[in-house]
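We use all heavy atoms of the structure for the numbers below, so side chains are in, but hydrogens, waters and symmetry mates are not. Below, chain A is the first sequence line, B the second, and so on; all start at residue 1.
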Amino acid sequence: METIDLAAMGLRHLNRTLQSLDPGTNRRHWDVVNPRGSHAVAVGLSAPVEVTVRGSTGYYCAGMNQLATIRITGSVGPGVAENMMSGKVVVEGDASQSAGATGHGGLLVIKGNAASRCGISMKGIDIVVHGNVGHMSAFMAQAGTLVIAGDAGDALGDSIYEAQIFVRGSVRSLGADCIVKPVRPEHRALLAERLEQAGLDARPEDFRRYGSARKLYNFDVDNAGAY
Amino acid sequence: MCGIVGLFLKDRSLESRLGTLLTGMLVTMSDRGPDSAGVAIYGESEEGRAKLTVQSVAPNSDFAGLAEDLDRALAEDRAADVAGDNGPATRVGVSLCRNDTHAVLSVPAGQVRMARDRLPELRPGIHIMSDGAAIEIYKEVGLPGTVADRFGLPTMAGSHGIGHTRMATESAVTTEGAHPYSTGSDQCLVHNGSLSNHNRLRRRLRREGMTFESENDTEVGAAYLTWRMDRGASLGEALETSIEDLDGFYTFVVGTRDGFGVLRDPIACKPAVLAETDAYVAFGSEYRALVDLPGIDRARVWEPEPAEVYFWTH
């Protein structure tokens with residue numbers, strides 16, 4: 001276990017150190033202390049190391065992650081794990097807006113609530129939120145799964161493509177082209193796998209599934225007046 | 001961008017540290033708003049007296065003899081108000097306390113309106129920043145730390161305060177373009193975001209008799225709240241209707257004599273974090289503005305919901 005005091009060493013030292021780790025490194029366990037709400041903590045990692053950030057962070061924590069497992073013991077600001085490629089990011093507290101934005105892969109777990117635009121434009125990432133998500137979550141979501149154990153805010157899944165959304169609680173409103181879809185055995189199996197990966201004790205049968213009605217995929221001449 | 005900080009003390013033993021704590025929060029938000037900064041401080045009030053904070057680009061000449069000139073003018077006005085009294089006007093007791101480019105004038109509470117009317121005649125170059133029993137507003141162009149030092153913010157005491165660091169988007173980098181804005185007696189507003197219908201709303205409010213000193217969008221937001229409250233709305237009601245009437249992105253933080261409120265627009269893309277303990281309620285555009293507050297590790301920290309009015313009073 002190696003410890004980096006962010007307040008003492010500075011952000012560039014932290015990120016340079018973590019980014020320079022070779023995928024085969026044996027320096028696998030890192031503790032980051034005194035984050036004090038700093039931006040861009042532990043971004044751009046590309047080795048399968050385990051990083052624990054002790055405290056709360058600001059914008060873009062764990063962005064562009066590949067292979068690393070990053071755990072934040074507090075809450076995170078906007079854009080946590082944005083554009084994640086692979087690996088795992090776990091937030092013990094709450095996440096601000098745009099959590100997991102544009103993520104291509106990997107798993108983002110938020111044990112508290114996520115604010116608006118969670119999973120905006122997600123491209124393959126899996127996101128599991130133990131609590132609630134705010135408005136416009138999964139906006140233009142292209143691929144991956146967004147699992148919400150609590151409630152969803154307004155306009156869930158607006159203009160969604162092929163991402164799948166599972167919600168256990170209430171949904172305040174659905175966005176354009178987002179509809180309830182039947183839960184078949186393969187969906188239940190997928191959901192059970194995500195719940196287990198995220199350490200969330202919930203029954204897959206308590207969730208509803210949402211996805212694209214695919215009405216916005218093509219130009220529809222009957223809607224010409226609306227364009 | 002812009003940064004907002006606010007601190008509303010529940011524990012009176014912290015009041016002597018208000019300025020120090022607020023300065024730390026404000027300086028942390030420098031990179032969100034490095035061009036100007038300002039604060040509203042709710043400090044001590046004196047029975048029967050009101051404070052007017054004024055600002056001038058030529059404080060040496062504008063503030064020289066201002067207390068005496070305003071005192072004389074207010075005494076004349078008061079004498080004229082007493083029918084048939086042609087005797088010599090007696091002094092009303094105006095005092096001035098200068099603080100860099102700003103000065104706080106103490107006047108009798110009943111003569112605030114007269115003082116506001118008379119000041120532009122006496123000193124055309126000064127701007128009135130605020131009036132009220134407790135509020136003082138200080139704002140200038142410059143780095144937040146520099147602005148705080150100019151006004152001695154770390155040494156100020158009070159029950160609550162609001163600060164703003166500005167990165168101009170909608171109007172020029174000037175003192176008048178900086179925040180907070182006064183929205184009425186003992187009231188102020190700071191804003192992060194941009195209002196997109198401010199020109200049209202300014203024209204409408206001008207027709208209603210409101211006056212404006214800048215092309216700034218936040219000034220329009222402040223004038224809107226003043227206008228609504230002049231027509232009988234409470235601050236909470238004015239904030240509720242602002243969700244309908246103001247278009248654009250905004251996080252507002254407002255101060256009143258004994259209250260402190262927060263409102264985000266329905267889209268809520270401008271950041272906001274609230275923290276509450278038994279000792280205080282604190283607002284920061286980002287969590288890092290709050291990290292040095294006492295007991296923050298045990299505070300309830302959350303992000304205010306969109307289009308929901310939060311308000312605390314003493």
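- B:E303 contributes atom CD, which lies 6.5 Å from atom CD of A:Q97 (distance to the nearest 0.5 angstrom).
- When the shell of 6.0 Å around CZ of A:R168 is examined, it contains more than 12 heavy atoms from other residues, nucleotides or ligands.
- Taking a 6.0 Å sphere around CZ of B:F249, one finds it holds 12 or fewer heavy atoms contributed by other residues, nucleotides or ligands.
- In this structure, A:Y60 places its OH atom where only 12 or fewer heavy-atom neighbours from other residues, nucleotides or ligands lie under 6.0 Å away.
- Between A:G37 and B:Y287, the shortest heavy-atom contact is CA-CD2, 3.9 Å.
- When each of B:D292, B:L290, B:I296 is scored by its heavy-atom pairs under 4.5 Å with chain A, the top score falls to B:D292.
- Taking every heavy atom of both residues into account, B:A268 and A:H135 meet most closely at CB-CE1, 4.1 Å.
- Across all non-hydrogen atoms, the minimal contact from A:D94 to B:V301 is OD2-O, 4.4 Å.
- Within the 4.5 angstrom heavy-atom criterion, only side-chain atoms of A:S116, from C-beta onward, approach chain B.
- Interface residue B:I267: backbone and side-chain heavy atoms are both found under 4.5 Å from chain A.
- Within the 4.5 angstrom heavy-atom criterion, no atom of B:D297 approaches chain A.
- Heavy atoms of other residues, nucleotides or ligands lying less than 6.0 angstrom from CZ of B:R200 number 12 at most.
- Around OH of A:Y161, the count of heavy atoms belonging to other residues, nucleotides or ligands within 6.0 Å does not exceed 12.
- Looking at B:P306, only its side chain comes within 4.5 Å of chain A, counting heavy atoms on both sides.
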